[in-house]
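Following: one structure in structure tokens, then a few remarks.
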Amino acid sequence: MGKKYSKKEVRSKWNDITEEPNLIYRNGEKIFNYSGFVKGHPALRYFEYISKIMLEDFDVLKRIGETPGNLRKDKSFDMDHEGTLDISGKDEDLKITERRLAVALYNSSHHFRFGKIFDYETPLKEKEASGIGEIDLLSKRNEEVGIIELKIGKSQKGETLFRALMEAYTFTKLINKRKEKFIKDFGLKNEISFRPIVLTLTDSFCAENMHMLVNGNAPNLKDLIIKMNAHLAKIEILPFEFYAFDSENPALKQDEQGKIIFENSKFLEVRVMEYDYR
DNA sequence: TGCCCGACTTAAACCCAGTA
DNA sequence: TACTGGGTTTAAGTCGGGCA
């Protein structure tokens, strides 16, 4: 096993990252992705303990996304993405990556349970070098816009539901600060509401975490999500939803126009699981 | 002015080493 | 020896400066 941290050490790491609320998801990336157990507590997963800390320090979570910082103001949120990636000189068998899957989902134009993808890698910041990053995917279902965090990593590589949760929570609160602009940039109706969503594949570590959540094996994480939802409701943001494609990593390819697409379009018919934790 | 190239940025993917 | 956290590399984009 690698290094283990005690409760005290975990709490200290949390205290180190609370200074800049909008960047907690990023500065806490390491501890949020820990998949093991707290030192001296063989049944207590790090994300369960950190959830407990966050429930106690919930004021910090309220502050996330409250100050716009370098949030996009003048430039359009709509980057006119074309569904292509510059993969010249890379492996020709096009092994799957998160980014490539995101683009393939966009290019599919398919209506999934969680909606139809209408953009990917949507920038949040005005200038480069301002910390906050990009939204993996945007989906639309009736009058709802899904702020989707995509996670496909297997257990060995980390990538917990907890980390995805923090990203989706932060990005949704931030984009909500620029709702009018977002609606105008993408030519949407005024009635839309945002909803944070985590999307994964059933063989990922993230999906394992979703199972723990619905099976009652992550009580603190569940309480945290419920509390986040209650807070989001006050600012007219819809509660979290969690989905997984019931599939292993699908094969991808590049078409003549350079667009990333699914090698077998049957992937689009694969079952999409919803993990109902409520 | 337009374009080419290199530096920088973010997040993901990979690889390694130490420990239970 | 398997696991997992730490550290490094890769991926892909964006920006800015130099130069024709």
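Proteins get letters first, then strands, A, B, ... in listed order; numbering begins at 1 in each. None of these values were measured; they are calculated from a predicted model.
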ask   = Is A:Glu143 atom CD crowded by more than 12 heavy atoms from other residues, nucleotides or ligands, each under 6.0 Å away?
value = yes

Interatomic distance, A:Leu124 CG vs C:dG13 C1' [rounded to whole Å] = 15 Å

Proximal nucleotide (of C:dG13, C:dT4, C:dT14) relative to the A:Arg99 side chain = C:dG13

task = Return the value, rounded to whole Å, for the distance between atom OH of A:Tyr120 and atom P of C:dA11.
result = 18 Å

remark   = Closest of C:dG5, B:dA11, C:dG6 to the A:Tyr25 side chain is B:dA11

inquiry  = Would you say A:Trp14 ends up clustered with A:Phe37 if hydrophobic residues are merged whenever their side chains have heavy atoms under 4.5 Å apart, either directly or through other cluster members?
reply    = no

message = From the set C:dG13, C:dA12, B:dC14, return the single nucleotide nearest to any side-chain atom of A:Asp86.
response = C:dG13

ask   = Can you tell me how far P of B:dA12 sits from CZ of A:Phe205, to the nearest Å?
value = 16 Å

query = How close or far is atom P of B:dA11 from atom NZ of A:Lys125, stated in whole angstroms?
reply = 7 Å

query = Does A:Phe58 have A:Lys62 sitting over its ring (NZ/CZ under 6.0 Å from centre, angle to axis within 45°)?
reply = no

ask   = Think A:Tyr5 has a side-chain N or O under 4.0 angstrom from the OP1 or OP2 of C:dG6?
value = yes

inquiry  = Just the rounded figure in Å: distance from P of C:dG13 to CG of A:Asp80.
reply    = 15 Å

ask   = Whole Å only: how far is the CD atom of A:Glu121 from the P atom of C:dT14?
value = 9 Å

ask   = Which whole-number value in Å describes the distance from A:His81 NE2 to C:dA12 P?
value = 14 Å

task = Identify which nucleotide among C:dG5, C:dA11, C:dG7 has an atom closest to any side-chain atom of A:Lys30, counting heavy atoms from C-beta outward.
result = C:dG7

task = Select one nucleotide: of B:dT10, B:dA13, C:dG5, the one nearest the side-chain heavy atoms of A:Tyr34.
result = C:dG5

task = Let me know, please, whether A:Lys39 or A:Phe171 comes out on the 5' side of the other along DNA chain B by nearest nucleotide.
result = A:Phe171

request  = Please report, rounded to the nearest Å, how far the C1' atom of C:dG5 is from the CZ atom of A:Phe47.
outcome  = 16 Å

remark   = Winner on side-chain proximity to A:Lys75, out of C:dC15, B:dA12, C:dG6, is C:dC15

query = When you check the phosphate oxygens OP1 and OP2 of C:dG5, does a side-chain N or O of A:Ser35 lie under 4.0 Å from one of them?
reply = yes

note = Of the listed C:dG13, B:dA13, C:dG5, the closest approach to the A:Tyr46 side chain comes from C:dG5

Member of A:Asp276, A:Val198, A:Val214 meeting the side chain to side chain contact (heavy atoms under 4.5 Å, CB included) criterion with A:Phe242 = A:Val198

message = Any side-chain N or O of A:Arg100 below 4.0 angstrom from OP1/OP2 of B:dA12?
response = no

request  = Count the heavy atoms belonging to other residues, nucleotides or ligands that lie under 6.0 Å from NZ of A:Lys39, then report whether that count exceeds 12.
outcome  = no

